[in-house]
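Every value quoted in this text rests on a predicted model; they were computed, and no experiment measured them. Throughout, residue positions are numbered sequentially from 1 according to the sequence presented.
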Amino acid sequence: MAWPPMVSNITTPLLGLVDTAVVGHLGTAIHLGAVAIGASIFSFLFWAFGFLRMGSTGLTAQALGREDGRQVRALLLQSLAMGIGIGLLLIVFQAPIIELAIYFMAPSAELEPWARAYCEARIYSAPAVLAGYALMGWFFGVQYSKGPLWMLLVINLANMVLDYIAVYQLEMASVGVAWATVASHYLGVVFALVLATKQLQRFDGHVPLVDLSKWRTYIELVQVNRYLFVRTILLLTVMTFFTAQGARQGDAILAANAVLMTFLMIISNALDGFAFSVEALCGEYLGRKNRELFQKVIRLSTYWAVVAAVLLMLIFTAFGGLIIDLLTSVESVRAQAKLYLPWLIAFPLLGIWSYMLDGIFIGTTSVKQMQNTMIISVLGIFFPLWFITQGLGNHGLWLSMALFFIARAVTLWWCYRRNLIKGVWFSG
């Protein structure tokens with residue numbers, strides 16, 4: 001089950017990879033920095049609602065295990081309604097959102113108008129992006145892992161073509177990258193809706209549309225999602241803070257970190273393919289109350305995830321410098337990115353444990369513990385370490401990020417063992 005979500009997740013950072021490569025060859029770090037800041041803002045803004053993906057996966061997988069076709073159908077419709085509704089609200093309130101985000105990121109005076117223009121265009125992708133999250137979560141929950149793969153392939157292929165047209169044919173620079181991303185997301189979500197309609201034929205039951213207007217039908221989804229919302233906000237605070245601190249060290253450091261964060265997104269999205277399989281299967285076996293298969297899935301998935309992590313480390317060791325050169329032609333950015341590349345080489349093995357444990361906790365919808373461990377890792381580890389290591393400059397920033405990943409794994413592992421020993425998931 002792991003390969004389709006693994007491949008589809010690898011395509012996710014391709015949006016950023018292609019965007020970075022397109023503007024990275026315009027001969028200035030300004031447009032690269034504008035895309036870095038804009039992409040970081042929308043990663044924070046959109047993935048703050050990542051519960052639309054994570055919450056629906058666990059609940060749908062458990063409904064699948066119980067053979068509750070009506071609930072499987074209801075969760076798709078409820079998640080889509082929430083995603084589109086939230087996306088429209090973001091568009092309505094775009095002015096204060098963008099103003100606050102630009103203020104927090106504090107770009108240079110030369111870079112600021114380009115970053116603002118990027119944000120004013122990119123915000124219109126909100127309904128499509130959040131509906132896409134809902135569809136992805138539901139696809140994983142019903143174990144149709146090829147659905148997200150096809151959706152993201154459509155998005156990325158469209159983005160590649162539209163990026164080229166907008167930047168090099170229409171000469172729209174970083175603003176063109178934003179509009180290309182908006183259009184590609186709408187194309188992808190329409191395609192995914194066609195796939196979802198076909199998958200619905202597998203399940204019996206009927207969900208009256210009037211139920212979508214009743215608050216009580218959303219209670220279970222909201223209860224799960226409120227903890228995931230806090231957890232995701234904390235995680236994205238770390239990522240956005242990281243970009244902001246890079247910006248305060250100069251445009252070259254900002255752009256170099258943007259290039260390296262593309263590596264980190266490839267790592268996390270590739271390895272999360274195994275975690276997504278764990279979400280779906282652990283949720284199903286919890287619904288069936290089958291402890292033996294539950295633990296077998298965890299053991300086998302973790303083994304292959306570690307193998308994949310080691311392979312990624314070897315690839316980045318051998319070809320990391322070449323990849324940096326392909327992503328940007330600005331020599332100052334290349335030099336800075338290569339200086340900090342060793343941190344990225346270590347991240348696959350540092351991050352795999354927290355990714356796999358996230359999958360277990362999402363599949364079992366034990367999301368309050370995910371929230372609490374994230375609070376400890378962010379407020380107790382990342383920010384104190386950043387404060388202590390400020391004298392190390394950008395190296396201190398990367399060190400804080402590395403230890404943050406380790407803290408997430410340690411705290412989640414403690415909760416995992418406690419849940420199994422005390423029979424939280426399975427009695428006896």
Side-chain angles (χ1 to χ4, degrees), residues 1-9 11-12 50-84 128 130-155 187-214 217-221 224-225 272-290 292-294 296-297 300-301 359-360 362-365:
M1 282 188 64
W3 79 264
M6 188 172 181
V7 174
S8 65
N9 283 354
T11 69
T12 300
F51 57 75
L52 292 164
R53 207 275 316 156
M54 295 180 284
S56 61
T57 297
L59 291 172
T60 302
Q62 291 175 36
L64 182 70
R66 296 192 304 268
E67 299 182 355
D68 186 350
R70 184 188 184 282
Q71 183 64 5
V72 170
R73 287 173 168 268
L75 285 164
L76 173 61
L77 296 175
Q78 290 166 2
S79 297
L80 279 172
M82 289 180 67
I84 294 171
L130 300 188
Y133 288 170
L135 285 161
M136 287 177 64
W138 188 82
F139 283 144
F140 287 128
V142 299
Q143 298 179 23
Y144 178 55
S145 54
K146 291 182 181 179
L149 172 59
W150 291 119
M151 181 180 75
L152 291 171
L153 282 176
V154 168
I155 291 173
L187 289 171
V189 82
V190 168
F191 183 78
L193 285 170
V194 174
L195 297 178
T197 300
K198 294 180 179 180
Q199 288 299 309
L200 284 173
Q201 298 172 11
R202 295 166 46 192
F203 306 103
D204 297 326
H206 174 65
V207 181
L209 292 179
V210 69
D211 284 0
L212 295 178
S213 63
K214 298 177 181 177
T217 63
Y218 292 84
I219 290 175
E220 186 179 25
L221 196 58
V224 168
N225 288 341
D272 258 346
F274 294 100
F276 287 1
S277 297
V278 168
E279 291 175 24
L281 291 172
C282 284
E284 180 187 356
Y285 295 140
L286 180 63
R288 293 185 185 182
K289 301 299 179 184
N290 191 325
E292 181 182 354
L293 286 177
F294 179 88
K296 184 177 181 179
V297 163
L300 291 175
S301 297
I360 297 168
I362 290 170
T364 58
T365 58

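The distance from the CZ atom of Phe191 to the CG atom of Leu153 is 9.0 Å, given to the nearest 0.5 Å. We find the OH-OG1 distance between Tyr285 and Thr364 to be 15.5 Å, quoted to the nearest 0.5 Å. Leu195 CG to Tyr144 OH: the interatomic distance, rounded to the nearest 0.5 Å, is 4.5 Å. The OG atom of Ser56 sits 10.0 Å away from the CZ atom of Phe140 when rounded to the nearest 0.5 Å. Atom CG of Asn290 is separated from atom NZ of Lys296 by 10.5 Å, given to the nearest 0.5 angstrom. Taken from CZ in Arg288 to CG in Leu281, the straight-line distance is 9.5 Å, to the nearest 0.5 Å.
Under a 3.5 Å cut-off, the side chain of Arg53 and the backbone N or O of Trp138 do not form any donor-acceptor pair. The main-chain N or O of Ala275 is never found under 3.5 Å from a side-chain atom of Asp272 such that the two would form a donor-acceptor pair.
Heavy atoms only, all atoms of each residue included: Gly188 and Ile155 are closest at CA-CG1, 3.6 Å. Heavy atoms only, all atoms of each residue included: Gln71 and Ala63 are closest at CG-CB, 4.0 Å. A pairwise comparison of heavy atoms in Cys282 and Val297 identifies SG-CG1, 4.5 Å as the closest pair. Residues Leu64 and Gly141 share a closest heavy-atom pair of CD2-O, 3.7 Å. The heavy-atom pair separating Ala131 from Val189 by the smallest distance is CB-CG2, 3.8 Å. Contact detail for Gly283 and Gln62: the closest heavy-atom pair is O-CG, 3.4 Å.
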Handout entry: Test side-chain contact (heavy atoms from CB on, under 4.5 Å) applied to Phe203 and Val142, step by step
Key = CA-CA 10 Å; Phe203 306 103; Val142 299; 3.7 Å; yes

Practice task
Show your reasoning for whether side-chain contact (heavy atoms from CB on, under 4.5 Å) applies to Leu52 and Met82.
Solution key: CA-CA 8 Å; Leu52 292 164; Met82 289 180 67; 3.8 Å; yes

Exercise for the section: Begin with the C-alpha distance, continue with both residues' side-chain angles, and end with the deciding distance and a verdict on side-chain contact (heavy atoms from CB on, under 4.5 Å) for Thr60 and Leu76. Expected result: CA-CA 8 Å; Thr60 302; Leu76 173 61; over 6 Å; no

Handout entry: Trace of the side-chain contact (heavy atoms from CB on, under 4.5 Å) decision for Phe276 with Thr57
Key = CA-CA 9 Å; Phe276 287 1; Thr57 297; over 6 Å; no

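Using a 4.5 Å cut-off on side-chain heavy atoms (C-beta onward), Leu59 and Thr365 make contact. Looking only at side-chain heavy atoms (C-beta outward), Ile362 and Val278 stay at 4.5 Å or farther from each other.
Side chain to side chain, Gln143 and Glu284 meet the donor-acceptor criterion of an N or O pair below 3.5 Å.
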